[in-house]
Colleague: 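Quick one: the structure is below, questions incoming.
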Amino acid sequence: MAEACREAGADLPEPKRFEGFAVEGHAIIAPPNAIRSKALRGLRTKRTAMLTGWAMQPGAKYRYRVDEVFPMSDHADHTGLLECLQRVRPKHVLTVHGYMHEFAAELRSRRIDAWCAMGGDQLELSIAGSQRAVVSSHHGRQIRPICAFADFSDVCRLVGETSSRLAKIDFLANYLKDRESDNDLRLAAGWLTGEALPKSGGRRSLHVGSAALRRALLSIPGAREERYRELSLSQNDSARTARLFLQELTIKPEPLHLDGLARFFTELAGSNGSLDRIERLAMRLKTLHPTEAETLVKLLTGDLRIGLKEGLVEDAITAAFKADPAAVRHAHMLTGDIGETAVFARYKTLDEAELRPFVPIKCMLASPTAAASEIWDWHADNGLPLLWVEPKYDGIRLQLHKLGDRVAVFSRDLQPLDDAFPDLLAAAAAIPHDCVLDGELIAYASDRTLGFAELQQRLGRNLDQSDLFLTDSNQPLSVPLRFVAFDLLWHDGQGLLELSLEERRVRLDALELSGAFEAISVEKISLPEELDAAFKQSLADGHEGLIAKDAGSAYHPGRRGRSWLKLKGVMPTLDCIVVAAEQGHGKRSDVLSDYTFAVRDEVSGDLRIIGKAYSGLTDDEIEDLTEHFRKSTISKDKRRHVVEPDIVLEIAFDSIRASERHDSGLAMRFPRIKAIRRDKSLADIDTLQYAKSLVK
DNA sequence: ACTGGCTGCCC
DNA sequence: ATTCTGC
DNA sequence: GCAGAATGGGCAGCCAGT
């Protein structure tokens, strides 16, 4: 760039390459993402500046976290764009940002084949008599058909390429606003949240994972397994792998519209057997342009991974139809369906969304805290007078809906769990009021609480349950389950979300739950000592810890706010040695981000694997370790590098138990990396015997 | 009839 | 579940 | 403060392959 400036006549000194050390009086020019690179982070004394068109906006230097910003744009202005087009004379132009439709229309009036990349101007096709039938792909081997799914795919790409939430919302709002039919709007909005099937549609999953995808791709004529392995290994991302793999095959992409894709998903969900699914998948993949195939695979695996989830889609709907953000959130909460919400917003009928029986609402979640003092300080600092404390059970979060003699239960992620707990449903029919309860389901026998493991055996069960827990078939619920309600969200026709917890609790108590149902015990705290004591007592009672709630707060569905705080008991940490490292997935596919670690068996002297973890390290630390492990790799098998045992990690976990998973015979619950212990070596790690002593 | 890989979903 | 990251 | 991405252990069900 410096050379270009000098050629253009700017009086710049001779540039030198940056060799990793700074010379006083010099400026280092680097791309924006280099500012956090190891080389630049290492410079002790420096001032940083950002050159960007966004510098015109107030607050830009805080946004970029630099000492100063200077406005300098690499975008051309209107005249510059026209001049560029005159010189390049492109066959086709796609506009992607700013006044996309207007500029494209202006270009068409100048006889240039220009269209907004996000669609929305197809209406003019006949008017302009355009030849926008085809646009060639980068590789030229496949022709990319223009179709509604290609438009969708392009929006996903644009959204994925920016990390700016506002830009994402802008792209999405433009796209959603221009969907012509309500059905397309409904489908597109739903898929943007990463769900292939609509939430309200009953069947929720497609049973397609990496294996089914691999087999589908390999069944396409011309597919070479060796090439697939290569790509899969280097990408470690099934969607990218699919795109790159298909790019090299001779396939004939056909246009696909949104309803066609919806039909495909429905058929896939209804297919029987994995072979059938693989065949249907292969049929679809070989009639898609690789770009669209990548998007399809992302949808199939249930995650677009473009920095977009329900929250942002709500914001985009708000922007697209100039709606009230709170109204959109509220309607979405009640319908449980983002597509329906979008259609409501388009017709300005958001207020028509009603609380429907047996439509679950998202759970309110608690934020983690590190110590009782953090909870106390938060409440004191915010002047919150009512601190309530409840035990934190190790069970399954359950939302129970009862209306007349019909009962349904939903999991934390709103999955219907009726089939797993028929005895609970039967017993709930006797609750004398219509209600929606939020609570925890625990396994309970002879006055002692069983562990989560026992409870989990009933999850996913859909057949005979008689072998489980049921000791007396005449009274099926006499022993096994207990539902501990901690909130009442709806009562005899009235929604209670906006009431304070204190008011909701009064009504919960008025239900007078009995039998297998009980209201959770609450302790009202007014001194820090009481909080400490409650925490100790909760652990002594065998619970996970406690939940502290602001009794004045409303129920905020789906939010992990600070109205509810959780505090869990801590286990001692284990110092473990890393014996293997693996490539990550998605945006971590070029680093070794996943570590297998071991402890020492005192008896044999061998290292025994006890777990794996990634969570807990910063990106910078992962980068440093990646560098280290690439050098210390002893052998490599697929994604797994066996490495020299020379990095000690301090591992935290919630509990430890016997397991067949690793050769130590132990496994951890929620393992995470507390610290890299550079001060320790192989000789200092903890022993298998010590780890066993922590099993409870 | 059994097994192991795969998938989804609890924590 | 957990943790870190960018807005 | 929030939403998003990427990650762990463990269970049941399903089904293709043996």
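A, B, ... follow the sequence lines: proteins, then strands. Residue 1 opens every chain.
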Colleague: Please pick, from D:dA6, D:dG8, D:dG4, the nucleotide with the shortest atom-to-atom distance to any side-chain atom of A:F670.
Modeller: D:dG8

Colleague: From C-beta outward on A:L459, which listed nucleotide comes closest to its side chain: D:dT7, B:dC10, D:dC2?
Modeller: B:dC10

Colleague: Taking the basic N atoms (NZ, or NE/NH1/NH2) and the acidic carboxylate oxygens, is any pair closer than 4.0 Å for A:E544 and A:K568?
Modeller: yes

Colleague: Going by an N to O cut-off under 4.0 Å, is there a salt bridge joining A:D619 and A:R588?
Modeller: yes

Colleague: Side-chain N or O of A:R657 versus OP1/OP2 of D:dC11: is the shortest distance under 4.0 Å?
Modeller: yes

Colleague: Which sits closer to the 5' end of DNA chain D, A:R215 or A:R562, going by the nucleotide each is nearest to?
Modeller: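 Checking each residue's closest nucleotide, the 5'-ward one belongs to A:R562.
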
Colleague: Using heavy-atom distances to pick each residue's nearest nucleotide on DNA chain C, tell me which of A:L166 and A:D654 is more 5'.
Modeller: A:D654

Colleague: What is the nucleic acid contact for A:K566, judged by heavy atoms within less than 4.0 Å: base, sugar-phosphate only, or nothing?
Modeller: sugar-phosphate

Colleague: Would you mind classifying the nucleic acid contact of A:R214 as base, sugar-phosphate or nothing, using non-hydrogen atoms under 4.0 angstrom?
Modeller: sugar-phosphate

Colleague: Once you apply a heavy-atom cut-off of 4.0 Å, does A:H662 come out as touching a base, just sugar-phosphate, or nothing?
Modeller: sugar-phosphate

Colleague: Are A:R639 and A:D594 within salt-bridge range, i.e. N to O under 4.0 Å?
Modeller: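 No salt bridge links A:R639 with A:D594.
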
Colleague: Considering only B:dC10, D:dG4, B:dC9, which nucleotide approaches the side chain of A:L417 most closely?
Modeller: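 That would be B:dC10.
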
Colleague: So what does A:A212 hit on the nucleic acid, given a heavy-atom distance under 4.0 Å: a base, only sugar-phosphate, or nothing?
Modeller: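 Touches sugar-phosphate only.
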
Colleague: Is there a donor-acceptor contact under 3.5 Å from the side chain of A:E374 to the main chain of A:A370?
Modeller: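 Yes.
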
Colleague: C1' atom, B:dC6 versus C:dT3: distance in rounded Å?
Modeller: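 Going atom to atom, C1' in each nucleotide, I get 28 Å.
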
Colleague: Check every atom of D:dA16, D:dA5, D:dT7 against the side chain of A:S593 and return the nucleotide holding the closest atom.
Modeller: D:dT7

Colleague: Starting from C1' on D:dG4, measure out to CG on A:L365 and report it in whole angstrom.
Modeller: 14 Å

Colleague: Contact class for A:K568 (heavy atom, under 4.0 Å): base, sugar-phosphate, or nothing?
Modeller: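 Sugar-phosphate only.
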
Colleague: Over how many whole Å does the gap from A:D594 atom CG to D:dG8 atom C1' extend?
Modeller: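 Answer to the nearest Å: 9 Å.
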
Colleague: May I ask you to say whether A:R284 pairs ionically with A:E267, meaning some side-chain N is under 4.0 Å from a carboxylate O?
Modeller: no

Colleague: Is A:R672 salt-bridged to A:D654, going by a charged N under 4.0 Å from an acidic O?
Modeller: yes

Colleague: CG of A:D237 versus P of D:dA6: gap in Å, rounded?
Modeller: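 In whole Å, D:dA6 P lies 8 Å from A:D237 CG.
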
Colleague: How long is the line joining CD of A:E454 and P of D:dA12, in whole Å?
Modeller: 11 Å

Colleague: Nearest to the side chain of A:S274, which nucleotide is it out of D:dG4, D:dG9, D:dC15?
Modeller: D:dC15

Colleague: Can you tell me the distance, in whole Å, between the CG atom of A:L617 and the P atom of D:dT7?
Modeller: 12 Å

Colleague: Can you measure A:I396 atom CD1 to C:dA1 atom C1' for me and round it to whole angstrom units?
Modeller: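 Atom-to-atom, A:I396 to C:dA1, this comes out as 13 Å.
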
Colleague: To the side chain of A:A667, which of D:dT7, D:dG10, B:dC6 is closest?
Modeller: D:dG10

Colleague: Side chain of A:S659: nearest nucleotide among D:dG10, C:dT3, C:dT5?
Modeller: D:dG10

Colleague: Of A:D276 and A:Y614, whose closest DNA chain D nucleotide lies nearer the 5' terminus?
Modeller: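 Its nearest nucleotide lies further toward 5', so the answer is A:Y614.
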
Colleague: Within the structure, does a side-chain N or O atom of A:S164 lie under 4.0 Å from either OP1 or OP2 of C:dC7?
Modeller: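 Answer no for this pair, as no side-chain N or O of A:S164 is under 4.0 Å from OP1 or OP2.
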
Colleague: Is the shortest distance from a Lys or Arg side-chain nitrogen in A:E650 or A:R677 to a carboxylate oxygen in the other one below 4.0 Å?
Modeller: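 Yes.
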
Colleague: What's the CZ-C1' distance between A:R165 and D:dA3, to the nearest Å?
Modeller: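 About 6 Å, once rounded to whole Å.
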
Colleague: When the C1' atoms of B:dG5 and C:dC4 are considered, how many whole Å apart are they?
Modeller: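 32 Å, rounded to whole Å.
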
Colleague: Just how far, in rounded Å, is P of D:dG4 from NE2 of A:H585?
Modeller: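 From A:H585 NE2 to D:dG4 P: 22 Å.
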
Colleague: With respect to the phosphate group of D:dG9, does any side-chain polar atom (N or O) of A:R669 fall under 4.0 Å of OP1 or OP2?
Modeller: no

Colleague: Pick the nucleotide of DNA chain C nearest each of A:R672 and A:T618; which residue has the one closer to the 5' end?
Modeller: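 The answer here is A:R672.
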
Colleague: Given D:dC15, D:dG9, C:dC7, identify the nucleotide with an atom nearest to the side chain of A:Q456.
Modeller: D:dG9

Colleague: When you get a sec, tell me which of D:dG4, B:dC11, B:dG8 is the closest nucleotide to the side chain of A:D394?
Modeller: B:dC11

Colleague: Considering only side-chain heavy atoms of A:K612, which listed nucleotide, D:dA6, D:dG9, D:dA3, is closest?
Modeller: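 Nearest to the side-chain atoms of A:K612, counting from C-beta on, is D:dG9.
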
